[in-house]
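First up is the structure itself, then whatever we jot down about it.
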Amino acid sequence: MTRPPRALVLGGSTEGFAVAERLVALGADVVTSFAGRTERRRAPAGHVRVGGFGGPDGLAAYLEAEKIAVAIDATHPFAARMKANAAEACRAAGVPLAHVERPAWAAVAGDDWREAADVSEAAAMIPATPGPCLVTVGRQELMPFTARTDLVLLLRMIDPLAAPFPHPRAEILLDRGPFSLESERALFETRIVGSVVAKNSGGAAAEAKLTVARERGLPVIMVRRPPRPEGLTFATPEAAVGWAAARIGL
Ligand code: NAP
């Protein structure tokens, strides 16, 4: 019996989950790939594999070995290396690739955003405020904040750090989105948050902190998205699924 055409979803985002679920519902054979950074993954329908491929060559070899007919990059907007690897590997293996990328957030009237090129620049830009700085960049890129011993830091992340964070006044908040407006308002109020550092991830799940910062007139240090490879890009999982389904004849 021949199996249906196999789709590879590079996951690690809400969009990746939605793409896999929808493609499976349409009858596709789907494998979702995770980097393995997060311990509590939400596994979508279909197959799941975890861990790096070994660069673009490793991914190209995987595409061929697994007879992947179509690939969808639904990694986080800041997963720049994986996006570039996907573009290179799919080109080499002749596998059609599309990216799913949710639109970036844009400042609106009342926002006090200060744009940073990367997390290091963001850490250096945090202004001195009476209340702590809420840092929401994930746990992989926290080292630049160790230099800011002049600040109290509230470091929010999904999984705990492997070792204590080397900072005299940092507190870890373990939590995972989606974050509601009510819960963010309560956090900012009880902790008297003074500033926020965020990556411009876009999407609804992490947006409430920006609304609350606006309500309270707080500065937000916003890390710009890294450049990504050119190529077919959809703003929604639905659009990417429509494209992929057509490519594999569903
Ligand atoms: P990255 O810097 O672009 O990727 C580093 C390496 O991790 C890649 O070269 C690849 O290793 C491996 N990798 C990344 N995504 C993978 C996937 N979906 N499946 C298999 N291997 C993967 O990305 P990152 O910032 O480490 O992010 C890793 C994952 O976390 C991504 O899936 C991303 O969607 C998710 N995530 C990232 C952020 C963020 O802010 N960066 C936030 C939320 C979620 P090989 O070269 O060995 O193949």
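Both ligands and their constituent atoms are indexed starting at 1 by order of listing.
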*In the protein, what heavy atom is nearest to atom 37 (C) of ligand 1, and what distance, to one decimal place, separates them?*
His76 CB, 3.4 Å
*Mutual orientation of the aromatic rings belonging to Phe165 and His167 [parallel < 30°, tilted 30-60°, perpendicular > 60°]*: parallel
*Looking only at protein heavy atoms, identify the closest one to atom 47 (O) of ligand 1 and say how far it is in Å.*
Gly54 N, 2.9 Å
*asked:* Tell me whether Arg156 forms a cation-pi arrangement with Phe179, defined as NZ or CZ under 6.0 Å from the six-membered ring centre and within 45 degrees of its axis.
replied: yes
*asked:* As an exercise, identify every atom of ligand 1 less than 4.0 angstrom from a heavy atom of Asn85.
replied: 9 (O), 46 (O)
*Closest approach of Lys209 and Phe188, non-hydrogen atoms and distance?*
O-CZ, 3.8 Å
*Please write down residue, atom name and distance for the protein heavy atom closest to atom 46 (O) of ligand 1.*
Gly55 N, 3.1 Å
*With rounding to the nearest 0.5 Å, note down the distance linking CG in Leu23 to CZ in Arg6.*
13.0 Å
_For Tyr62, does the six-membered ring have the charged nitrogen or CZ of Arg49 within the cation-pi criterion, i.e. under 6.0 angstrom from the centroid and within 45° of the normal?_
yes
*What part of Arg81 sits under 4.0 Å from ligand 1 if we count only heavy atoms: the side chain, the backbone, both or neither?*
both
_Can you report which non-hydrogen protein atom sits closest to atom 29 (C) of ligand 1, along with the distance?_
Ala35 CB, 3.6 Å
*Show which atoms of ligand 1 fall inside a sub-4.0 Å distance from at least one heavy-atom site of Ala80.*
3 (O)
*Among protein heavy atoms, which lies nearest atom 35 (C) of ligand 1, and at what distance?*
Gly12 O, 3.8 Å
*Provide the number and element of each atom of ligand 1 under 4.0 Å from a heavy atom of Phe78.*
39 (C), 40 (O), 41 (N)
*Atoms of ligand 1 less than 4.0 Å from Gly11 heavy atoms?*
18 (N), 32 (O), 34 (O)
*Show the numbers, then the answer: is there a side chain to side chain contact (heavy atoms under 4.5 Å, CB included) between Asn85 and Phe53?*
CA-CA 10 Å; Asn85 288 357; Phe53 296 95; over 6 Å; no
*What residue and atom, counting heavy atoms only, is the protein's closest point to atom 25 (O) of ligand 1, and at what distance?*
Ala79 CA, 4.0 Å
*Could you verify whether a donor N or O on one side chain and an acceptor N or O on the other, from Ser201 and His76, lie under 3.5 Å apart?*
yes
*May I ask you to identify the nearest protein heavy atom to atom 22 (C) of ligand 1, giving residue, atom name and distance to one decimal place in Å?*
Met82 SD, 3.4 Å
*Run the contact test for Gly51 against ligand 1 with a 4.0 Å cut-off on heavy atoms, strictly below, and give the result.*
yes
*Could you check atom 18 (N) of ligand 1 against the protein and tell me its nearest heavy-atom contact, residue, atom and distance included?*
Ser33 O, 3.0 Å
*Which atoms of ligand 1 have any heavy atom of Gly52 under 4.0 Å away?*
11 (O), 21 (N), 45 (P), 47 (O), 48 (O)
*Determine, stepwise, if the pair Arg224 / Glu115 fulfils salt bridge (Lys or Arg N to Asp or Glu O under 4.0 Å).*
CA-CA 6 Å; Arg224 274 195 297 274; Glu115 286 217 340; 3.1 Å; yes
*Could you go through the side chain to side chain contact (heavy atoms under 4.5 Å, CB included) check for Glu215 and Arg185 one step at a time?*
CA-CA 9 Å; Glu215 289 171 353; Arg185 281 187 182 132; 2.6 Å; yes
*Could you please spell out the steps behind the side chain to side chain contact (heavy atoms under 4.5 Å, CB included) verdict for Ile72 and Leu10?*
CA-CA 6 Å; Ile72 295 134; Leu10 298 169; over 6 Å; no
*Is it the side chain, the backbone, both or neither of Lys199 that has a heavy atom closer than 4.0 Å to ligand 1?*
side chain
*What is the distance from atom OG1 of Thr136 to atom CG of Leu154, rounded to the nearest 0.5 Å?*
11.0 Å
*asked:* I want to confirm something. Looking only at heavy atoms, which of Arg37, Glu141, Arg225 is nearest to atom 12 (C) of ligand 1?
replied: Arg37
